[in-house]
A.B. asks: 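Okay, here's the structure, questions in a sec.
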Amino acid sequence: AADTIKVGVLHSLSGTMAISETTLKDTVLMMIEEQNKKGGLLGKQLEAVVVDPASNWPLFAEKTRELIEKEKVDVIFGCWTSVSRKSVLPVIEELNGLLFYPVQYEGEESSKNVFYTGAAPNQQAIPAVDYLMNDLEVKRWVLAGTDYVYPRTTNKILEAYLIAKGVKKEDIMINYTPFGHSDWQSIVSDIKKFGSQGKKTAVVSTINGDANVPFYKELGNQNISSEDIPVIAFSVGEEELSGIDTKPLVGHLAAWNYFMSVENPENEAFIKKWQAFIKSDKRVTNDPMEATYIGFEMWAKAVAKAKSVETDAVEQAMIGVEVANLTGGMAVMNKNHHLSKPVLIGEIQDDGQIETVWSTESTVAGDAWSDFLPSSKDLISDWTAPIKCGNYNTKTKKCLAK
Amino acid sequence: MIINYFFPQFMHKDTGGKILLSLLALVTIMVIIFNFLIPLLLPEASSWHMPTYMVTLLGKYLCLALLAIALDLVWGYCGILSLGHAAFFALGGYAMGMYLMRQIGDRGVYGDPVLPDFMVFLNWSELPWYWYGFESFAFTALMILLVPGLLAYVFGWMTFRSRVTGVYLSIMTQALTYALMLAFFRNEMGLGGNNGLTDFKDILGFSLQSDSTRIVIFSLSAAALAMGYIASRFIVESKLGKTVVAIRDAELRTRFIGYKVENFKLWIFVFSAMLAGVAGALYVPQVGIINPGEFSPLNSIELAIWVAIGGRGTLFGAVIGALIVNYAKTYFTGALPELWLFALGTLFIVSTLYLPKGVVGLFERFQNRTENNKLEEKTA
Amino acid sequence: MNILSTKSLNQFYGESHILWDLDVEIKQGSCVCLMGRNGVGKTTLLKSIMGLLPVRSGEIIFDEQALHNKSASARAQLGIGYVPQGREIFSQLTVLENLQTGLIARKDKSKKLPEKIFELFPVLKQMIKRRGGDLSGGQQQQLAIGRALALEPKILLLDEPTEGIQPNVVQEIGDIIIKLNEEANITVVMVEQKLPFARRVGKEFIIMERGRTMATGAMDTLNDDLVKKYLTV
Amino acid sequence: MNSFSQMQDKVRDVLRRDRTFNHTIVEENIFLQGTHSVHHNTLDASHGPVLYLEDVSVSFDGFQALNKLSLYIDDGELRCIIGPNGAGKTTMMDVITGKTRPDTGLVYFGQTMDLTQMAEHDIAIAGIGRKFQKPTIFPEHSVWENLELAMKTDKGVWHTLFTVLTSEQKDRIEEVMLIIGLQELCYARADLLSHGQKQWLEIGMLLMQDPRVLLVDEPVAGMTHQEMDRTAELLTSLAGKHSVVVVEHDMDFVRSIASQVTVLHEGSVLAEGTMDEVQNNQKVIEVYLGE
Amino acid sequence: MKFISQKNNLGLHLIYIILCLIFATNVSAENNADLEKLIPQLQVKNFKKKIASVKQLAEINKPQSITILEALLDSRLYYQKADKSVVIIQKKDHKYEIFSPLDNTKIGLVEKKTIKKITTNNKLRKTIRTLLAQKKISHTELNIRQAALKEILTSSDASLLPVLQQAKKNESDESQKDLLTLAIALIEVDSKDNSIRLSAIKILGNSVFPRAKGKLEQVLLTNDQGSFIEQDKDIITASQKALKRINSKLSLFSNLETLFFGLSLGSVLLLAAIGLSITFGVMGVINMAHGELIMLGAYTTYLVQQAMPNDIGLSLIVAIPAAFIVSGLFGIAIERGVIRHLYGRPLETLLATFGISLLLQQMVRTLISAQNVPVITPSWLSGSLVFNPAFAITYNRIYIFFFALMVFALLMLILKKTSLGLQVRAVAKNRSMATAMGIKTQWVDSLTFGLGSGVAGVAGVALSQLTNVGPNLGQAYIIDSFMVVVFGGVENLWGTLVAAMTLGITNKFLEPWVGAVMSKIIVLIFLIIFIQKRPNGLFPQKGRSSGGH
Ligand SMILES: Nc1ncnc2c1ncn2[C@@H]1O[C@H](COP(=O)(O)OP(=O)(O)OP(=O)(O)O)[C@@H](O)[C@H]1O
Ligand SMILES: Nc1ncnc2c1ncn2[C@@H]1O[C@H](COP(=O)(O)OP(=O)(O)OP(=O)(O)O)[C@@H](O)[C@H]1O
Ligand SMILES: [Mg+2]
Ligand SMILES: [Mg+2]
């Protein structure tokens, strides 16, 4: 009916999350511009509707409602934190909207109305631990995280995984800190003590956001080098690194599905496009941007395929859509609304780039429900007929959602 | 005036309040008629429909306005600048949230009949004791009043008795809400940590997603605001209200004429905390989530700003302030997503500089002027 | 010659008109006693002269300069010393520091307190290290006068300087005012309610009523009629 | 040291000259007090002074403001207290009203009420009213409301919430308003009053409280001669029914009202007696009066 | 030159010496066959194979093999894309000079595009480091020997025993000798001979080196039944004794460390709060924009570093006055523009400054970026002062501690000893009377607010060394700052100092017990309860006037 296709952009432009989310807003705008240059979709131009949920979780829900009911958008790209997604979820399901969520997260969710283009734990955490265990021969583990759902869940999964691999309980140290924790002296000193008893030790960090910088600085100052106790992080990417003095981080690790440094024609083109769009050749690209890119491309393909922007049609059309990864290979949207993507592990360089030191042979399919948690090991998600369920219990053969 | 007929006596001089309550009644009735009755009777005539998001948005504003009244009572009238009032709001909200969580029953993603989802995947094996009772609405309703009330009582009893006043008190209230925020962020608290409580399904058996439930909750919020307003008006017009103002202005004098100041402060503080709790409880089902962010000290500061912008020490002003600022926020975050903080910041500065008595002060000035003009006309 | 004069001064608090076209003339070297019932605007007049209240209309001329556009601090620098009603000691500052605040506005930038302050008020010397706010009412009054003197003013405005002071000190203050006026040649304007004191110390009087001057003259012309008319209730 | 002085206090307490032991108190007193009594403690002044200070010492940061001060005020007495600035007069009032707690010494109201153990408001309810040296009133309230708030009634939270003024109470307010001469300013905000007017208002509030003992700190400061006379009149008329303690530096005023005068100096009593006695006391002349 | 190495000095020295060696010995090309064979193998992707090659390379006893390993370690070993030949590179302006790995002869100057780095990973680098250390354990230069030994101590394996014993024999430096004894003991604990083991255990017992403890714990491992795996009674008792000794020492050091952590957290709090103790404490302005003024200071540091990228060490020193001026000017502007109109309405200042804080945040977002910006830590601020292996304190914290005290002392001096200080306090106490005394209140206000703001800016410089520099920086500190000022007692600078330190130390001593979050919560609750006892803070305002009357 409308003469444009409206795309909602729901990323915080102010408040604590603005640091990360503004970039994604720009990415979506870039993609839209790009698509419009190509002639739009279904013969219509795309129109972005940007709102600012201001890092305020109830506001995310409110803005979602506004986007769908008032602005009548056809799809929303947005959210970063889990809680913002959780806040949006009931609204988007109620109004049968469509959300593309581009950030790595703790899993344990699959909604008909959401496509998860970031990594699930099995696409980031588990390969990372495998690398540390096999290649770096790590024997003792520090699971350090910010106290919220993503680290809690990830660490629960990792702990179960490590124990399954024969690691003893006393060789695992788990530590949680509040958001924005800035005084790491004691914790780093503990890690140092824990790690300097002869067994190779590594830190698996799910430390979030701003807390990372003081953490790494403290590591450096307490003379813990990446060779003594490497830290592998799941939330430190190029964007975060560009705001840090990288000296103390060099040699530490990061696990993602994308690195800017990967040499690949698609990637180079993307970077060029991005830097031209944002009018700065200093700006970097990162994993959630790739996830946004893939999500957007997939949506465009699915709309073309379904010849409609109707949620239900697009949703079904999405499944099985393939888009080239920026790091090579193809990303596929699975039945559980999660992607198959390659996993890369890299070391942080002094120029703020991450250099791949290991990668999975092929892509890994994102797992909505972890196999390592007792509560979810029997659950799967499958949005195709006949199951059509986000939390299907394979034992009882029942869909738990009502 | 005939309109006085509808209002209790102590409100007869409160023009602002009368306008406010009348408007509130009008809007509520309109919403009920156009969004509920007409669609019910004539399903096709929906052109007058107020969109759902507007209804919930309005409902949210009303809750926040009630919260502003609560703060105005203690700050504007009793001189206690609580920078932690959002804590009571959030506690009321959490109580409601816990009830709504229990209502989900086995419809959570894991299908556990008792445990909320976040407990299931963090391997909690049973419900912590403080979750007991929240399956009952009556119990919850009690808790909505009791939990904030009790906290206010304990905190107030300690601080007022030892005569903590002024900024010391303000900063302590801030410490209180800050501590609560940190505590609620902890996943060990068993209240959902950072994610808080969300994914609510229904309330008293009615689906939260249905428009009629929304309209009912909206009407309830309007009623709560109206009742909160009238009760507060009654208090400030009573001798208790005068005493409280006296305490604000000359605490020592009040003591020396025989008032037990700490009791008065405590009473009004607890009452205000309960009002805040009710506001929080009504807020949660409308926004669909409660999480520790609500305890953030910045929220409380902002709350103080609403009150100040509207006009401190006038209940009517508190309501106006809450509505203005929140509407501005809604509007600017949509219309000027990149620049809205500039707009909001400027609004705060300009209004403190040029409206020392808030928007209500502006009305009054205007009113005085017109009255003066009238007088001049008469004398001329 | 007039050191201080006001011309049709009008002063308001909000909408209420306090001073009505007030004309006051104070001669160089005189010692004027401002009298009148409670609330007639005596304090208001002193504050207006000092610049603590913005004048609504009218002129204030001091030492042949127009004052009404100058800030209070500039007026202090011109040599107006002010001892307010209620003393207004800087309570958290020590006695010494309180006195030192009087030095700030001095033209000569002197950093030394005039010795005569301690001669006049020996008690201040004893209490030099204590917080000003801790002194008793009378002591504070002495401190307030001392502070004003530190600035070596040309004119001293005293608002009820004997209020709450013990009799022998009242006497002393009276002596001091006389001395300051006669020996140091400082013009004094004081508000005073107590007739005996006023008669003893003042050389002229000004009686105010409802923000207007009603009578002026030399102190010995203050007769019972006037007292009855303007100073009794 | 401290426990020793506490013990001293206890011993002294038992040996007080006006001491009546609890069991000797006649029960009836409680009923005499009337039905709407809100006091937990009832005043018993039947056996001596209504206000009783003995060996009270107060020091601030090592500065001895009160030094073993003893003072006895009888029921219905009008007592003037004079003394040099800083002698400790205001501090003494602070001690009586509970604002300052004495380091040592006894402070009793009647024979049973230990004022050092009571909160300020309880002292006020028990019947001690006070006017501050610097007038303190409720600035945002009207004159009328100031008086209303001070009125002697139940001052509990619930009562104040639901109470309405009775016509007797209104009359009483009118009456006091007339006494303090502010009837024209009845609805004016109190902070707009001039200094002298505020003094009157505060006296009015004191009257509304209808206390057994009135402590009046420098009531005539800032008043004209004639107002002073009126105040004197008022205070003398109050004496008899109430005990009145007046602190004042204005000798004319003191002379016009006082029968008994106490002179404080450096925290303790220097002299006591009639005005004439005191006036001719050489020491008093030296430290206070001057020639 | 850029080095990946954390141990800058070590790296520098090594390179220097090796370059000397190279040019002195003038290696001839003919007997380089082994090198020529090994070098290409460094290009394989598989790190296990790479490590094997590196080990072989290390066995070749030639200076050039060390050069190559060094280059690999420092990420200067590349290959040319065209012919896959391995080269050592040296960055020159925007281009790269390439050298032959065989004899270090210069091959040419190339573009970045034509060459590609030979990647390393953690393990590989660690291996190289250990290998290099072994080679240098008997080096002629003491500091190189020391560094090498340090490396070896973290990962000694039994095969090194003869090398270490040899080195010990030749060692003249006492402390180095002690360390060698320790390194040997670490290996000899696992020896076959019980008497050697016992003496080794004794040596370990005297050391607080963390691995010594680990080794002893290993000796005392128990099996599933809870009985010792070790059979020899003597060894067990000796180890237990040694372990006890170590533990008692360690607990002493860890307490010392905690104390220091507390002081250091305290000094951060002090820095953050001290400006506020002026604007809020003295002037009574509830300055919610204080955090943003700190943020501006931090951003100034960033901009200064951008302006002088080659003098990072100096930049921080320059940043201090710069930040003072920038934040101070902003402060003055805020005072002139807004706060001036709000004196006598203290609570309103809260509202207006909150608005200002929003504006400043968004201003930074718009003008600079919403992202964090990198502020570089100069080398003199990184690393730590090592007292012994169990107790070291980091330089940046030491500097910040003393810096905070200095700022504090300076402010104290200004407020208490200068005429400005007197005026400030007079104005703060009684504005209208101060004017009547001839104090130019407007001027004093601006200056005071500027001073407080400037100090906040200076705090920002210090904080930029500890945490992120981003638009939200200020918000993280504002609440803590208010707590500190209030806890200490408004208007009392000493109070601020004591409060900051008390809160810091309490926090840090609680943290090991209850974790970071709970300790913060407990501190807050403690604060609330404490205030009951002292309703006006640690150092309340004294005197009769303070009672509100
Ligand atoms: N801040 C104010 N706002 C409004 N009105 C005021 C204010 N201060 C004083 N007034 C009024 O102005 C009038 C004059 O006051 P002022 O203090 O000058 O009197 P005064 O002559 O000094 O009296 P007194 O002898 O009692 O000190 C009084 O009627 C008083 O009520
Ligand atoms: N809170 C306090 N801290 C320190 N010193 C105090 C305090 N209160 C009173 N003093 C001191 O105690 C002494 C007695 O003071 P007080 O006010 O009782 O005197 P006063 O007799 O009322 O004098 P005046 O007639 O001047 O009012 C004074 O020297 C005063 O400095
Ligand atoms: Mg006056
Ligand atoms: Mg006194």
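So that the names make sense, note that chain A is the first sequence line, chain B the second, and so on, each numbered from 1. Hydrogens, waters and symmetry mates are skipped; everything else that's a heavy atom, side chains included, is used.
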A.B. asks: Flag the one option from D:Met208, D:Met205, D:His159, D:Glu202 with the top tally of heavy-atom pairs under 4.5 Å to chain B.
C.D. replies: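 Option with the top pair count is D:Glu202.
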
A.B. asks: Let me know if D:Glu120 has heavy atoms under 4.5 Å from chain B in its side chain, its backbone, both or neither.
C.D. replies: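 It is both, since atoms from each part get that close.
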
A.B. asks: Going by distance alone, is a donor N or O of one side chain under 3.5 Å from an acceptor N or O of the other, for D:Thr116 and D:Arg101?
C.D. replies: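 Their side chains do not contain a donor-acceptor pair, so the 3.5 Å distance test is not met.
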
A.B. asks: Using 30° and 60° as the class limits, which term best fits the ring planes of B:His85 and B:Phe88: parallel, tilted or perpendicular?
C.D. replies: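 Judged by the thresholds at 30° and 60°, the geometry between B:His85 and B:Phe88 is perpendicular.
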
A.B. asks: Is any side-chain N of the basic residue among D:Lys170 and D:Glu175 closer than 4.0 Å to the acidic one's carboxylate O?
C.D. replies: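 No.
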
A.B. asks: Counting only non-hydrogen atoms closer than 4.5 Å, does D:Leu165 touch chain B with its backbone (N, CA, C, O), its side chain (CB onward), both, or neither?
C.D. replies: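 Neither part.
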
A.B. asks: Using side-chain contact (heavy atoms from CB on, under 4.5 Å), reason through D:Trp144 and D:Met177 one step at a time and then give a plain yes or no.
C.D. replies: CA-CA 8 Å; D:Trp144 172 281; D:Met177 193 89 77; 3.6 Å; yes

A.B. asks: Select one option (side chain, backbone, both, neither) describing which atoms of D:Ala119 are under 4.5 Å from chain B's heavy atoms.
C.D. replies: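 For D:Ala119, neither part sits under 4.5 Å from chain B.
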
A.B. asks: Any luck finding a side-chain donor-acceptor pair between D:His242 and D:Asp75 under 3.5 Å?
C.D. replies: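 Result is no, nothing qualifies.
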
A.B. asks: Between B:Ile268, B:Leu266, B:Val245, which shows the greatest number of heavy-atom pairs under 4.5 Å with chain D?
C.D. replies: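 Greatest number of close heavy-atom pairs with chain D: B:Val245.
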
A.B. asks: Just so I understand: if I count every heavy-atom pair under 4.5 Å between each of B:Arg255, B:Glu237, B:Lys260 and chain D, which residue has the most?
C.D. replies: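 Winner by heavy-atom pair count: B:Lys260.
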
A.B. asks: With chain D, which of B:Thr254, B:Asn263, B:Ile247 has the greatest number of heavy-atom pairs at distances under 4.5 Å?
C.D. replies: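 Of B:Thr254, B:Asn263, B:Ile247, B:Thr254 has the most heavy-atom pairs under 4.5 Å with chain D.
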
A.B. asks: Okay, side chain of B:Ser162, backbone of B:Val164: is any donor-acceptor separation there less than 3.5 Å?
C.D. replies: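 It does not hold such a pair.
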
A.B. asks: Quick one: what part of D:Glu140 sits under 4.5 Å from any heavy atom of chain B, side chain, backbone, both or neither?
C.D. replies: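 When you check distances to chain B, atoms from both the backbone and side chain of D:Glu140 fall under 4.5 Å.
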
